[in-house]
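Just so you know, these numbers use all the heavy atoms, side chains as well, and skip hydrogens, waters and symmetry mates.
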Amino acid sequence: MMQMSNSYFFNKTDLDQTRAEAILNDALKGADDGELYLEHAQSESLVFDDNRLKNASFNVEQGFGLRAVVGESTGFAHASELSEAALKRAAGAVQAVKSGHSGVLAAPPARTNARLYTDENPLSPIPFAEKVKLLEAVNAYARARDKRVRQVSVSLSGEWSAVEIMRPGGDVVRDFRPLVRFNVSVTAGEGDRQESGSYGAGGREHYQRYLSPDAWQAGVDEALRQALVNLSAEPAPAGEMEVVLGPGWTGVLLHEAVGHGLEGDFNRKKASAFSNRMGERVAARGVTIVDDGTLHARRGSLTVDDEGTPTSRTTLIEDGILVGYLQDRLNARLMGAQPTGNGRRQNFACMPYPRMTNTMMLAGDARPEDIIRTVKDGIYAVHFAGGQVDITSGKFVFNCTEAYRVKDGKIGAPIKNAALIGDGPSVLTRVSMIGNDFALDPGVGMCGKNGQGVPVGVGQPTIKIDRLTVGGAGS
C-alpha cells in the first residue's frame, strides 16, 4: 500500500510522531519483530424489533497496541490513551521480553498500491433519522407480505476504522477500513407452531447498495421464504447418509472444520489434524481451497493485514494436495515460510494471530441438478446456523437452518433440526462431486479465535459428500 504523507493520528492527537518513533525504536531494539499499531474506530448499531426501535448506539474508540517479538515469546501492551506517557509505560512493559536477547529486527513488509475499498466513512452520509425510517419501512413491508408473520427483527450496523502500523526506522503503513451489514429475521406461525428465517448482507463499502428498496425487499422476501419453508418442515432423519451442500454460505462448514486447521500457529505447534502433512493428499481429487484477502469490498478482505503485510490469494489445498498454510509474521519466521497477509487482530488491544480472510472451495464442472440426481438417500443442506469444532481433531457439529430430504435423485420435503456431524479431514476425502455454481456468501461471516472476533467471508459451489452423519429426530 502506498505510504501517505499525512498521519491520521499525529495530526489529531497530542502524541508527537518524532517522539513516538524514538520510543518505538528503543523499545524494539534487539527484538526479532514488532510494531506499534494505532487505531481510531467508530461504530454504530440500530435494532428495530417488536414494532419499535429497541436499540441505537454509536461508539468511538481509539488507542494503540505495542508488541515486541523475541523468538516464540511476545511482549504486548496496549492503552486507550494516545499520549507519550502511555507509550513510554507500554514500552517499559514490552521490553521485559527482550531480556538477554540480541536479535536483528525483521524487515518490514513489502508495499503495494492496491486499494480494495473506499477510504470514506460510511456512517456519516445518511442521517440517523433516515436510517430509522428505513428500518420502519422494512418492518412494515415484512409484516404486510404474509398474514402468518408474527415477529420481525431488523438491524443495521456499520463501522469505520483508521489504522496506522509503525515499525522502527520510520516505516509506516496506513489503512482506512469501512464495514457495513444489514440483517432481517422473520418469524412466521400457524397455530402453536412457529419458525424463523433470516437474511443478511454486508461488505467493506457504504450502506447505499444494501439500502435500496430492491435490495432490502429481496432480503425480506428471502427471510420470509425460509420461515415458511421451515413451517412445513418434517423431523430430520438420523444416520450416515449422502449429503449435498448448496453453494455460498455453506462454505462456513469448511471454514470451521478445515480452515482453522490450516492456520500457521496450530501447525507450528503440531496441534492441527493437518500438521506435518505438507505435500500429502488430504482431500479428494478436484478439491482446491484458497484463502483470498484481495477480493474487492468483500467482508473478509483487507488491503493490508494487521501487521502491515499486503493480503494475498493463498492456495491451501490444490487438487486434494496440501500445499500451504495461513501465516502471520511470527509463525512464518519460525516455520521458515513467508507471511501470507493473514495476521489479524480484533482491535488495538489484541495481539495478531494467523486468521482466515475469505476462504473458498473453487468450482468444479458438475451441474448442480446432476449432483442431486446421483443421491439415492440423503439430504440437501442450503443454510447453516452456528457450529462447534475441535481444531486438533477437526471434529464438528453444524446445525442446518434450511435443508431438504433427497431420495432417488429428487428433492423432497424440507426437514428441521438436522445436524451434520463429522470431522474436516474425513469430509474432504469424501467429496465426490463439485458443482460449477461457485458463490460467495452475502457478507455476514464472523470468525472467533482466542477470544477475538474478525469479519470473514466464505464460498463454495454445490458439493456432494458421499458419507456424513446426520443427527436428527431419530438420533
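- With respect to the salt-bridge test (charged N to carboxylate O, under 4.0 angstrom), the residues Glu136 and Lys133 do not qualify.
- Minimum heavy-atom separation, Gly394 to Pro425: CA-CD, 4.3 Å.
- Of all heavy-atom pairs between Gly293 and Leu116, the closest is O-CD1, 3.3 Å.
- Checking each of Tyr199, Tyr207, Phe182, Tyr141 against Trp216 for a ring pair (Phe, Tyr, Trp, His ring centres under 6.0 Å) leaves exactly one that passes, namely Tyr141.
- Taking each heavy atom of Ser301 and Asn358 in turn, the nearest pair found is OG-ND2, 2.9 Å.
- Between Phe176 and Trp160, the angle of the ring planes stays under 30°, which puts this pair in the parallel group of the 30/60° scheme.
- Interatomic distance, Phe396 CZ to Leu420 CG, rounded to the nearest 0.5 Å: 6.5 Å.
- No donor-acceptor pair closer than 3.5 Å links the side chain of Asn267 to the backbone N or O of Ser272.
- No donor-acceptor contact under 3.5 angstrom links the side chains of Thr311 and Thr294, judged on distance only.
- Salt bridge annotation for Glu39-Arg177: absent, with no cationic side-chain nitrogen under 4.0 angstrom from a carboxylate oxygen.
- Annotation: the span from Phe266 atom CZ to Phe274 atom CZ amounts to 12.5 Å, rounded to 0.5 Å.
- A donor-acceptor contact under 3.5 angstrom links the side chains of Asp175 and Tyr117, judged on distance only.
- For the residue pair Gln42 and Asn121, a side-chain donor N or O sits within less than 3.5 Å of a side-chain acceptor on the partner.
- Across every non-hydrogen atom of Ala114 and Thr303, the tightest pair is O-CG2, 3.0 Å.
- At a threshold of 4.0 Å, the pair Glu263-Arg344 does not count as salt-bridged, since none of the basic side-chain nitrogens sits closer than that to a carboxylate oxygen.
- Between Arg355 and Asp328, none of the side-chain N atoms (NZ, or NE/NH1/NH2) sits under 4.0 Å from a carboxylate O, so this pair counts as no salt bridge.
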- Item | side chain to side chain donor-acceptor pair (under 3.5 Å) between Asp291 and Thr314, intermediate numbers included | CA-CA 5 Å; Asp291 184 88; Thr314 303; 5.5 Å; no
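- A donor-acceptor distance shorter than 3.5 angstrom exists from the side chain of Arg299 to the backbone of Gly445, with no hydrogens or angles considered.
- Rounded to the nearest 0.5 Å, atoms CG (Asp49) and CG (Leu135) are 11.0 Å apart.
- In the model, Thr340 has a side-chain atom that pairs as donor or acceptor with a side-chain atom of Asn342 under 3.5 Å.
- Between Arg67 and Asp306 no salt bridge is recorded (no basic side-chain N to carboxylate O distance below 4.0 Å).
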Side chain to side chain donor-acceptor pair (under 3.5 Å), that's the test. Do Thr401 and Gln226 meet it? Break it down for me.
CA-CA 8 Å; Thr401 54; Gln226 286 184 30; 4.8 Å; no
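- Across Phe58 and Leu123, no two heavy atoms sit closer than the pair CE1-CD1, 4.0 Å.
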For this session: Evaluate the criterion salt bridge (Lys or Arg N to Asp or Glu O under 4.0 Å) for residue pair Glu81 and Arg89; output intermediate values, then yes/no.
Result: CA-CA 11 Å; Glu81 175 188 335; Arg89 290 194 297 269; 3.7 Å; yes
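- To the nearest 0.5 Å, atoms CD1 (Ile317) and CG (Leu428) are separated by 5.0 Å.
- In this structure, the side chains of Asp146 and Leu224 come closer than 4.5 Å at one or more pairs of heavy atoms.
- Rounding to the nearest 0.5 Å places CZ of Arg193 at 8.0 Å from CG of Asn230.
- Between the CD atom in Gln327 and the OG atom in Ser312 there is a gap of 11.0 Å [rounded to 0.5 Å].
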